[in-house]
Each structure stands twice: as structure tokens, then as C-alpha cells.
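What's counted below: heavy atoms across the whole structure, side chains too, no hydrogens, waters or symmetry copies. Numbers here are sequence positions counted from 1.
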Amino acid sequence: MHRFFRYLYLNTYSFLLLICGIIIALIPFFRILKWLVIPQVVVSLFFVIQAVKLFSTWQDKKIKYKILIEKNKNVFYPETFKIFMQAPCGILLTKAVLNDLGLKERYSEVEIYKKSFFDLIKAGCMNKNQKTRIYINEDFK
């Protein structure tokens with residue numbers, strides 16, 4: 001896949017959020033009621049800010065893409081894709097890597113790691129005490 005098309009593909013959700021934010025901003029709610037402009041601007045900014053956040057992860061996506069390509073170019077390891085199958089952007093990354101490796105037909109082996117939308121929401125809502133741990137690899141000092 002060419003770099004430009006890979007960029008477009010891996011940022012599909014970013015572009016969708018950006019387009020939604022622009023469309024919401026362009027709807028003439030002020031003709032109905034002038035007070036509707038405030039919630040319209042807030043919702044529009046929310047969509048645009050989320051799109052910018054997703055666009056800013058491009059460098060991280062490139063690094064993960066290279067790592068997945070290197071790990072799977074000689075021997076296919078489906079478990080290396082497990083963490084990426086938990087989010088829509090990661091699923092796009094998985095599909096792009098498999099496509100570039102010529103292993104499109106092996107997606108069904110990786111798809112078993114994909115959680116349903118409702119399971120992801122349930123896990124996110126039930127896990128209120130979430131902790132982040134950072135481990136430093138001694139090789140990279």
C-alpha cells in the first residue's frame with residue numbers, strides 16, 4: 001500500500017470526526033434559536049479536538065506498523081495483533097499490516113481477539129479504578 005493511501009486508511013476515523021465537526025459547525029441552528037449556537041460550537045469543538053488527538057497519533061501508528069511488519073514478515077504470529085484488535089484504529093492497523101504482508105486471508109485468525117462493541121463499553125464503564133504502569137526496558141537506556 002502506498003504511504004499516502006496508508007495514511008488516509010489508518011486515519012479514517014480521524015477524518016470522519018473532523019468532517020462531523022465541520023458539518024455540525026455549518027448547520028444554521030442560529031436561525032431556529034440563537035441559544036443553540038453555544039451547544040453547537042461545543043459539540044463541534046469536541047469532534048474537532050478528538051480528530052486532532054487521533055491525527056497526532058500518526059507517528060505512534062507508524063512505529064507500531066513497522067514493529068508488526070518486522071515481527072510477522074518471516075513467520076505469522078497472530079498473538080502479536082491481540083492488543084490492536086481492542087480498538088477501531090488498531091483493527092485498521094492490523095488490516096493494513098496483513099494486506100502489506102500479503103496475508104489478508106489470515107485475518108480470521110486474528111479476528112478471534114476482537115471484542116464486541118458492547119463488551120468494550122461494558123469493560124470501560126465497569127473499570128473505574130484504572131491504573132497505568134510504565135516499565136522501562138533496560139535495553140533502551
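Here the CG-CG distance, from Leu16 to Leu54, works out to 10.5 Å after rounding to the nearest 0.5 Å. Tyr65 contributes atom OH, which lies 15.0 Å from atom CG of Asp60 (distance to the nearest 0.5 angstrom). Distance check: Glu111 CD to Met85 CE gives 6.0 Å after rounding to the nearest 0.5 Å. Atom OG of residue Ser14 and atom NZ of residue Lys53 lie 12.5 Å apart, to the nearest 0.5 angstrom. Interatomic distance, Ile69 CD1 to Leu98 CG, rounded to the nearest 0.5 Å: 8.5 Å. One distance of note links CG of Leu17 with OG1 of Thr12; it measures 11.0 Å at 0.5 Å rounding.
Closest approach of Ile91 to Lys114, counting heavy atoms only: CD1-CE, 3.7 Å. Across Gln40 and Leu26, no two heavy atoms sit closer than the pair NE2-N, 4.2 Å. Scanning all heavy atoms of the two residues, the minimum distance from Tyr113 to Pro78 falls at CE1-O, 3.4 Å. The nearest pair of heavy atoms linking Asn99 to Lys104 is OD1-CE, 3.3 Å. In terms of heavy-atom proximity, Cys89 sits nearest to Lys61 at SG-NZ, 4.4 Å. Here the closest non-hydrogen pair linking Ser44 and Gly21 is OG-O, 2.7 Å.
For Asn74, the side-chain hydrogen bond (donor to acceptor under 3.5 Å, both in side chains) test picks out no residue, with sequence neighbours left out. Take Phe15 and apply the side-chain contact (heavy atoms from CB on, under 4.5 Å) test, not counting sequence neighbours, and it matches Tyr7, Leu8, Asn11, Phe55. Partners of Tyr13 according to the ring pair (Phe, Tyr, Trp, His ring centres under 6.0 Å) rule, which considers only residues two or more places apart in sequence or in another chain, do not exist here. With sequence neighbours left out, the side-chain hydrogen bond (donor to acceptor under 3.5 Å, both in side chains) criterion links Glu105 to no other residue.
No path of Ile, Leu, Val, Met, Phe, Trp and Tyr side chains, each step under 4.5 Å between heavy atoms, connects Val42 with Val52, placing them in separate hydrophobic clusters. Hydrophobic clustering, with ILVMFWY side chains joined whenever heavy atoms are under 4.5 angstrom apart, groups Phe47 together with Ile22.
Residue pairs satisfying the salt bridge (charged side-chain N to carboxylate O under 4.0 Å, His left out) criterion with at least one member in residues 14-30, sequence neighbours excluded, are absent.
More than 12 heavy atoms of other residues, nucleotides or ligands shown are found within 6.0 angstrom of CD1 on Ile27.
Checked for salt-bridge contact, Lys82 and Glu79 miss the test: no charged N lies under 4.0 Å from a carboxylate O.
Among the candidates Leu101, Asp100, Leu93, the single residue satisfying the side-chain contact (heavy atoms from CB on, under 4.5 Å) test with Leu68 is Leu93.
Applying the 4.5 Å side-chain rule to ILVMFWY residues, one finds Ile67 in the same cluster as Ile63.
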For Phe81 and Asn72, what are the C-alpha separation, side-chain angles and deciding distance, and is it a side chain to side chain contact (heavy atoms under 4.5 Å, CB included)?
CA-CA 10 Å; Phe81 296 96; Asn72 292 286; 3.5 Å; yes

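Cation-pi check for Lys71 over Tyr77 is not met; the charged atom does not lie both under 6.0 angstrom from the ring centroid and within 45 degrees of its normal.
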